Amino acid sequence: MSIPLPIGSQRTQTLEQLARLCRNAESGRAPWLAAPSGFTELDASLPGGGWPIGAIAELMSDAIGIGELSLLVPVLSRLARAGRYIACIAPPYLPYAPALAQRGVPLERVLLIQTCSLQQSLWATEQALRCPAVGAVLGWPAYIVDKNVRRLQLAAEAGGSLGILYRPPEAALESSPAALRLRLHAMPEGLAVEIQKSRGGRAGLTLRVGVAPTVVA
Amino acid sequence: MNAGLWLCIRLPRLAHEVGIAAAAEQAAMERLAAWAYQWSSLVSYRLADGPLLWLELAASRTLFGGHAALLANIEAGLTQLGYSHACALAPSPAGAALLTQVGQQRCVITHSQLRSRLDSLPLALLALPPDVLAALQSAGLRRIGQLLELPAAAIARRFGPAASLYLQRLCGAASDPRPAWRMPATYSARFEFAGEVHDTTAMLFPLRRLLLEFQGYLRGRDCAVLRFTLEFEHYRHAASSVTIGMSAPARDAAQFLLLARERLQSLALPAAVSALRLQALEFTAASVVQADFFGSDAQQLQQLQLLLDRLQARLGDQQVRGLSSAADHRPERGWHFVTPQQSTPGPDTRSPARPCTLLHNPRRIEPPATLLSGPERIESGWWDGGDASRDYYVARAADGARWWVFQDLAGGGWYLQGLWT
């Protein structure tokens, strides 16, 4: 069960968000604050030059194990080194501590939250996104409706955090209110990132990103 | 002679006020005394002639920004607790008690102010036995001032030594020691419902009061708690309880209430509740994070702790964890769960790159068709029975995924242990 927001405040938040978007559209600025992804090709193709802070990004990966988490590791490392926490909500597989440490993610900034139901996961995701101490929240919802994506987007905006939703590849067939939607395809070397939707940016591009792990000394 | 400054709080008979049994009135006063201890280290109460609570404030008023500010804080606190009350301030406990009954000008600081304030007040306000009051009236006295002008010896002779002593104490001319309330070493506060309560939301109001009083107690002792217990009494069922834990020492009632609410939402009570008890047995020093001033780091830490506490209250303590590296060459032992923020840094970052995710248990697979790199030999553990001798490779799966696989050198079988997510 999620904590219901008072209708009034939800509406106010939505209106504020709309007003901000309109201002951004007029001024031609990026619609979001960006955190550099650590991949030059990707940063060049994203509005503001990186992952959207205060918004939701959806990653739809063709398979598990093609570099879908490695794509995020540089930004997670950057946020964690800046003192913010990384919350993983009900990951379907175990994030491997030595690998994260190797790649420069301070482990004391990583939180792993297990849940018993999709509802609990969404609730925990919203709580974590709203917390200003948390820099990024990673969720793996098996199923999520637009209304809830929107809700998480507001939470990310309130907390100034990056919300990442890993969604199954079929989700690419539907639309979503997420600010950024990327499809990820396996490649012999690296990862192909297809920008399916980018609020205030260009969609339709496909980039090759080298996600081969580099060990941080 | 009392050189102090006394605040007296007169409360309505609590039995009428909050719908509790008269027997619980003393318990309520105990809780209130514990709450009041945050303002003064000399607290005393009396149930006869209406519940009265005294706080000696001479020592604390400079601490809390003058007596007006202090009084405003205390009155705001009482209102927040939901008690209607009348407060008065005087240089003697009996004087303060008397002034709680008048409509205005209830604060006097010096003895001469007290004396002139008493002068015009009616005799009936004196806490003297009815027969003494009647005798005074029939002697033609109407105002307290008239009585105070009489010599003490004459009053003692005509109305008894007790009456004379009371009058001297009233004016602060005789010492009036009050039994100091002693703070109990553990905290236990009970609230009895007028009837049976079936719904946990109906408990929130009394719970809020219990937690505010608890906060006062913790401030008074200058300590904090890591956990407290809520016990539910049922009429025809053994009591049930929940323990609410915090990730850092806390004493903030709002935080307690938030956590208790999360917990109550998911709580299945075995029967209707007749009484609620709040208990805390262990106390810790108050955390460095104070309510009043903290820098951004401390603030961030507190925000995180609030998040962790909420998550744990709703999902369970074991559901919120951190990750740590461990010094073991075997990948499955190279990590472990820890309490959030308690991670130790990886001991060995010079090993070849590791995959971002690990399977909880290696899974037996067919020998992979495409090996991308390897082998990396890992041998260890012969000393603790978990001996491993393996060759690790990166393999490509049919769907394009990169797998971290090994061949067990003892048995020759192939296993999938990690994914290059």
Side-chain angles (χ1 to χ4, degrees), chain A residues 1 3 61-73 83-85 87-104 106-116 120 123-124 127-128 130-134 159 166 185-188 211-217, chain B residues 262 265-266 296-297 299-308 310-311 314-316 318-326 331 334-338 340-360 372 396-404 418-421:
Chain A
M1 206 181 84
I3 303 283
S61 178
D62 282 351
I64 294 178
I66 62 171
E68 66 274 24
L69 192 53
S70 303
L71 183 65
L72 284 176
V73 164
R84 298 183 74 186
Y85 290 81
C88 302
I89 315 290
Y93 37 65
L94 180 73
Y96 189 42
L100 295 178
Q102 269 185 339
R103 291 163 172 78
L107 291 175
E108 68 275 13
R109 299 281 176 192
V110 179
L111 305 170
L112 219 63
I113 293 133
Q114 303 296 340
T115 61
C116 301
Q120 277 193 348
W123 174 81
Q127 298 302 317
R130 280 192 179 279
C131 176
V134 173
Y166 283 101
H185 312 287
M187 283 186 55
V211 290
T214 43
V215 175
V216 175
Chain B
E262 294 294 350
Q265 268 181 1
S266 56
S296 68
D297 276 3
Q299 193 172 10
Q300 191 184 38
L301 204 60
Q302 201 181 42
Q303 285 159 345
L304 181 82
Q305 263 141 11
L306 278 175
L307 172 71
L308 293 177
R310 293 197 77 174
L311 292 171
R314 178 79 160 257
L315 306 174
Q318 290 310 304
Q319 304 291 81
V320 184
R321 289 178 289 189
L323 288 172
S324 190
S325 292
W335 73 281
H336 54 91
F337 283 122
V338 291
Q341 304 168 272
Q342 301 296 310
S343 313
T344 48
D348 178 17
T349 52
R350 268 161 302 181
S351 70
R354 295 287 177 246
C356 281
T357 61
L358 199 75
L359 272 59
H360 280 278
L372 300 175
R396 190 196 311 285
D399 61 2
R402 279 182 290 275
W403 288 3
W404 200 39
L419 295 161
W420 297 87
T421 54

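The sequence lines fix the lettering, A, B, ..., with proteins before strands; numbering per chain opens at 1. As the structure is a computational prediction, the values presented were derived from the model and not from experiment.
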Which of the residues [options] is involved in the greatest number of heavy-atom pairs with chain B at under 4.5 angstrom?
{"options": "A/Leu100, A/Asp62, A/Leu72, A/Ile64", "result": "A/Ile64"}
{"options": "A/Ala124, A/Pro106, A/Cys88, A/Pro132", "result": "A/Pro132"}
{"options": "A/Gly65, A/Gly83, A/Ala99", "result": "A/Gly65"}
{"options": "A/Cys116, A/Ala87, A/Ser61, A/Pro188", "result": "A/Pro188"}
{"options": "A/Ala186, A/Ala90, A/Pro95", "result": "A/Pro95"}

(request) Using the six-membered ring wherever Trp is involved, compare the ring planes of B/Trp404 and B/Trp420 and label them parallel, tilted or perpendicular (cut-offs 30° and 60°). (result)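 Ring orientation of B/Trp404 relative to B/Trp420: perpendicular.
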Heavy-atom pair count under 4.5 Å with chain A, highest-scoring of [options]:
{"options": "B/Gly400, B/Gly334, B/Gly316, B/Pro331", "result": "B/Pro331"}
{"options": "B/Leu359, B/Leu307, B/Val320, B/Asp399", "result": "B/Leu307"}
{"options": "B/Leu372, B/Leu306, B/Leu304", "result": "B/Leu304"}
{"options": "B/Cys356, B/Ala401, B/Gly418, B/Gly322", "result": "B/Cys356"}

Is there side-chain contact between [X] and [Y], with heavy atoms separated by less than 4.5 Å?
{"X": "B/Trp335", "Y": "A/Leu107", "value": "no"}
{"X": "A/Gln127", "Y": "A/Ile113", "value": "no"}
{"X": "B/Phe337", "Y": "B/Leu323", "value": "yes"}

(message) Which atoms of B/Leu308 are under 4.5 Å from chain A, going by heavy atoms: the side chain, the backbone, both sets, or neither?
(response)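 The answer is the side chain of B/Leu308.
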(request) Could you tell me which portion of B/Leu311 (side chain, backbone, both or neither) has an atom closer than 4.5 angstrom to a non-hydrogen atom of chain A? (result)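 Interface part for B/Leu311: both.
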To the nearest 0.5 Å, what is the distance between [atom1] ([X]) and [atom2] ([Y])?
{"X": "B/Gln342", "Y": "A/Glu108", "atom1": "CD", "atom2": "CD", "answer": "10.0 Å"}
{"X": "A/Thr115", "Y": "A/Ile89", "atom1": "OG1", "atom2": "CD1", "answer": "8.0 Å"}
{"X": "A/Gln120", "Y": "A/Gln114", "atom1": "CD", "atom2": "CD", "answer": "11.0 Å"}

(request) May I ask you to check if B/Arg354 and A/Tyr96 form a cation-pi contact, with NZ or CZ under 6.0 angstrom from the six-membered ring centre and within 45° of the axis? (result)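 No, B/Arg354 does not sit over the ring of A/Tyr96.
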(message) Report which part of A/Val134 has an atom under 4.5 Å of a heavy atom belonging to chain B: side chain, backbone, both, or neither.
(response)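 The side chain, not the backbone.
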(request) Go through the atoms of A/Pro91 and report whether side chain, backbone, both or neither lie under 4.5 Å from a heavy atom of chain B. (result)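 Neither part, no heavy atoms under 4.5 Å.
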(request) Would you name the heavy atoms of A/Glu68 and A/Tyr166 that are closest together and state the gap between them? (result)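 Closest approach of A/Glu68 to A/Tyr166, heavy atoms only: O-OH, 2.7 Å.
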